[in-house]
Amino acid sequence: MLSAAHDILKKQESGNGTASTTATLTVDHQGGNSSNSSRYDCNPVSTAAVLLADILPTLIIKMFAPFMIHKVPYGIRVLFCAIMAATSFLLVSFSSAVWMSILGVIFASISSGLGELSFLSLTVFFNRDVLGGWGSGTGGAGVAGALLYSLLTQVGLSPQITLLIMLVVPFVMVISYFFLLEPPPSLPQWKSSERREQLLDETEEEDEEISTTGDRITGPLTFTEKLHIIRGLLRFVIPLGIVYFAEYFINQGLMELLYFPNFFLSHAEQYRWYQTLYQVGVLVSRSSLCCVKIRKLWALSLLQVVNAVVLLFAVRYQFLPSAWLVFAIILYEGLLGGAAYVNTFYFISKETEDRQREFAMAAASVGDSLGIALAGLTAFPVHRYFCSL
């Protein structure tokens with residue numbers, strides 16, 4: 001959906017213009033945004049508008065759902081996420097105004113936020129190695145979505161047709177969850193449970209570390225206990241939030257402005273491939289957990305902030321000679337972001353007590369969403385400033 005942000009806004013701008021729709025779309029497809037004279041070829045509304053619509057519902061869900069979501073069975077959650085995702089594709093595809101597009105993105109955000117929170121919690125019912133698979137899967141999903149959108153639009157399909165093709169995604173999610181996944185007996189698939197048997201890790205080394213008194217849950221976590229867990233998670237959540245703030249400030253605040261008019265790709269195509277290369281970097285680093293583990297999450301935060309500062313000055317002073325160099329920086333940005341994400345949840349899973357782990361995994365997911373939301377808010381004045389030049 002974020003890969004389509006530039007096209008979503010351009011579509012509405014073209015539809016609201018006074019010029020011929022056909023002529024406008026032709027100009028937009030071949031080159032820049034004809035409606036403004038800015039050297040950055042700006043859309044009237046920053047792509048951060050799409051980002052905020054995409055992340056604010058997710059942020060609200062992640063802030064409050066961990067305290068009550070355990071009452072909703074996982075099967076119902078997955079079905080609800082699939083319905084929301086399908087609705088979002090349909091709304092955006094057939095939208096005739098900006099508000100309809102934004103509403104579609106909100107539905108996608110609800111699906112994404114509830115889905116991420118639920119599947120991270122779900123990992124505690126399996127061997128810890130499943131986190132590596134989760135990281136690779138989420139990274140692969142980003143690449144597949146961005147790459148397919150870029151390729152299908154590149155070969156001539158309209159954004160509307162491309163998004164309708166993406167309706168296969170929620171269908172595949174339902175099939176894979178209910179027919180391919182083999183749930184353990186303790187998983188509350190259709191019935192909620194306040195008392196769940198605690199799964200012990202399968203490796204002998206981890207078995208030795210678990211005391212016999214912790215083999216079973218003695219009761220649901222109290223509100224006070226949950227607040228105590230959240231305080232302990234701050235050492236993970238804050239670095240993750242900083243990484244994602246810098247990351248999405250680049251993605252939705254600066255990428256649209258890193259435009260090279262003499263490059264062989266149009267503005268919209270450059271933006272799509274920026275997003276695609278970012279997702280490739282995320283995929284590679286989220287799949288690296290089996291090879292390397294990074295405990296110093298603050299180092300990743302610092303490096304990502306440096307990235308954001310460099311690209312901010314690049315937008316202002318335009319000293320980067322070619323889009324090829326931006327491609328490399330964006331790929332590196334994705335590597336840092338993916339590494340921060342997968343290592344954060346790996347060490348939370350490893351260092352959290354068994355009884356607290358399911359709640360901790362869900363609660364910690366607010367870190368990236370909070371950083372993304374703040375990045376979207378920051379991107380608005382930055383976009384306005386540069387477009388006024």
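On a predicted model such as this, the values are computed, not experimentally measured, just so you know. We're numbering straight along the sequence, starting at 1.
Relative ring orientation between Phe249 and Phe245 is described as parallel, the plane-to-plane angle staying below 30° on a 0-90° scale split at 30° and 60°.
With a 4.5 Å cut-off on side-chain heavy atoms, Leu90 and Leu167 count as touching. Looking only at side-chain heavy atoms (C-beta outward), Ile165 and Leu157 come within less than 4.5 Å of each other. Residues Leu151 and Val155 fail the side-chain proximity criterion, which asks for heavy atoms closer than 4.5 Å. A heavy-atom distance below 4.5 Å is found between the side chains of Ile230 and Phe359. Annotation: side chain of Glu225 is in contact with side chain of Arg355 (closest heavy-atom distance under 4.5 Å). Between His267 and Glu256 the shortest side-chain heavy-atom distance falls below 4.5 Å. Glu358 has its side chain within reach of Phe125: a pair of non-hydrogen atoms, C-beta onward, lies under 4.5 Å apart. Taking the side chain as every heavy atom from C-beta outward, Tyr74 and Tyr177 approach each other to under 4.5 Å.
Interatomic distance, Asn251 CG to Ile330 CD1, rounded to the nearest 0.5 Å: 6.5 Å. Rounding to the nearest 0.5 Å places CD1 of Ile329 at 11.0 Å from CG of Leu254. Taking CZ of Phe119 as the reference point, atom CG of Leu181 lies at 8.5 Å (rounded to 0.5 Å). Distance check: Ile229 CD1 to Thr224 OG1 gives 11.0 Å after rounding to the nearest 0.5 Å. Summarising the geometry, atom CG belonging to Leu325 is positioned 5.0 Å from atom CG belonging to Leu320; distances are rounded to the nearest 0.5 Å. Separating the OG1 atom in Thr276 from the CZ atom in Arg272 is a distance of 9.5 Å, to the nearest 0.5 Å.
Follow the hydrophobic side-chain contacts under 4.5 Å out from Tyr149 and you never reach Val169; the two are in separate clusters. Taking hydrophobic clusters as Ile, Leu, Val, Met, Phe, Trp and Tyr residues chained together by side-chain heavy-atom distances below 4.5 Å, Ile250 shares a cluster with Tyr317. Neither Leu302 nor Val237 shares a network with the other; the hydrophobic side chains, linked directly or stepwise wherever heavy atoms of I, L, V, M, F, W or Y lie under 4.5 Å apart, form separate groups for each. Cluster annotation: Leu122 is not connected to Val172 through the hydrophobic network of ILVMFWY side chains, with a link wherever side-chain heavy atoms come within less than 4.5 Å. Under a hydrophobic-cluster definition in which Ile, Leu, Val, Met, Phe, Trp and Tyr are linked whenever side-chain heavy atoms come within less than 4.5 Å, directly or via other members, Tyr278 and Leu265 are assigned to the same cluster.
Across every non-hydrogen atom of Pro239 and Trp298, the tightest pair is CG-CE2, 3.5 Å. Here the shortest heavy-atom pairing between Ala339 and Leu300 reads C-CD1, 4.0 Å. When every heavy atom of Cys387 is checked against every heavy atom of Leu257, the shortest pair comes out as SG-CD2, 4.3 Å. Heavy-atom minimum distance, Val78 versus Met173: O-CE, 3.8 Å. Heavy-atom minimum distance, Gly281 versus Leu335: O-CD2, 3.3 Å. Taking every heavy atom of both residues into account, Pro170 and Ala82 meet most closely at CB-O, 3.5 Å.
Taking the six-membered ring wherever Trp is involved, the centroid distance between the rings of Phe345 and Trp134 does not fall below 6.0 Å. In this structure, the ring of Phe223 has its center less than 6.0 angstrom from the ring center of Phe67.
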Item to check | Evaluation steps, side-chain contact (heavy atoms from CB on, under 4.5 Å), between Val243 and Leu336 | outcome: CA-CA 8 Å; Val243 168; Leu336 292 177; 5.6 Å; no

Item to check | Val326/Met255 under side-chain contact (heavy atoms from CB on, under 4.5 Å): CA gap, chis, key distance, verdict | outcome: CA-CA 9 Å; Val326 180; Met255 270 189 192; over 6 Å; no

Next on the checklist: Let's go through Gln275 and Gln270 carefully: what are the C-alpha distance in whole Å and the side-chain angles of both, what is the deciding distance for side-chain hydrogen bond (donor to acceptor under 3.5 Å, both in side chains) to 0.1 Å, and is it a yes or a no?
Outcome noted: CA-CA 9 Å; Gln275 291 286 351; Gln270 288 177 42; over 6 Å; no

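Residue Leu180 is found outside any hydrophobic cluster, as its side-chain heavy atoms come under 4.5 Å of no other Ile, Leu, Val, Met, Phe, Trp or Tyr.
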Name each donor-acceptor pair under 3.5 Å that joins a side chain in residues 102-115 to protein atoms two or more places apart or in another chain, with its distance.
residue, atom, partner, partner atom, Å
Ser109, OG, Asp54, O, 2.3
Ser109, OG, Thr58, N, 3.0
Ser109, OG, Thr58, OG1, 2.8
Ser111, OG, Cys81, O, 2.8

Donor-acceptor pairs under 3.5 Å, side chain of residues 304-315 to any protein atom, not counting sequence neighbours: which ones?
residue, atom, partner, partner atom, Å
Gln304, OE1, Asn307, ND2, 3.1
Gln304, NE2, Glu247, OE1, 3.3
Gln304, NE2, Glu333, O, 3.1

Under 3.5 Å donor-acceptor pairs involving side-chain atoms of residues 360-379, not counting sequence neighbours:
residue, atom, partner, partner atom, Å
Ser365, OG, Ala362, O, 2.6
Asp368, OD1, Lys62, NZ, 3.3
Ser369, OG, Lys62, NZ, 2.9
Thr378, OG1, Leu374, O, 2.8

In a table with atom names and distances, give each donor-acceptor pair under 3.5 Å that connects a side chain of residues 287-296 to protein atoms at least two apart or in another chain.
residue, atom, partner, partner atom, Å
Ser287, OG, Ser136, OG, 2.9
Ser287, OG, Leu283, O, 2.8
Ser288, OG, Ser285, O, 2.5
Lys293, NZ, Leu289, O, 3.0
Arg295, NE, Glu351, OE2, 3.1
Arg295, NH2, Glu351, OE1, 3.4

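In the displayed structure, Phe178 atom CZ is contacted under 6.0 Å by more than 12 heavy atoms of other residues, nucleotides or ligands. By the 6.0 Å contact criterion, CD on Glu353 is open, its count of non-hydrogen atoms from other residues, nucleotides or ligands being 12 or less. Annotation: Met100, atom CE; neighbour count of heavy atoms from other residues, nucleotides and ligands within 6.0 Å is above 12. The local environment of CZ in Phe264 is crowded, with over 12 non-hydrogen atoms from other residues, nucleotides or ligands closer than 6.0 Å.
For Tyr385, there are no ring pair (Phe, Tyr, Trp, His ring centres under 6.0 Å) partners at least two apart in sequence or on another chain.
The closest donor-acceptor contact from the side chain of Arg357 to the backbone of Thr352 lies under 3.5 Å.
The cationic group of Arg286 lies under 6.0 Å from the six-membered ring centre of Tyr341 and within 45° of the ring axis, placing it in a cation-pi geometry.
Partner Phe327 forms a ring pair (Phe, Tyr, Trp, His ring centres under 6.0 Å) with one of Tyr274, Trp273, Phe260, Tyr332 and no other, that one being Tyr274.
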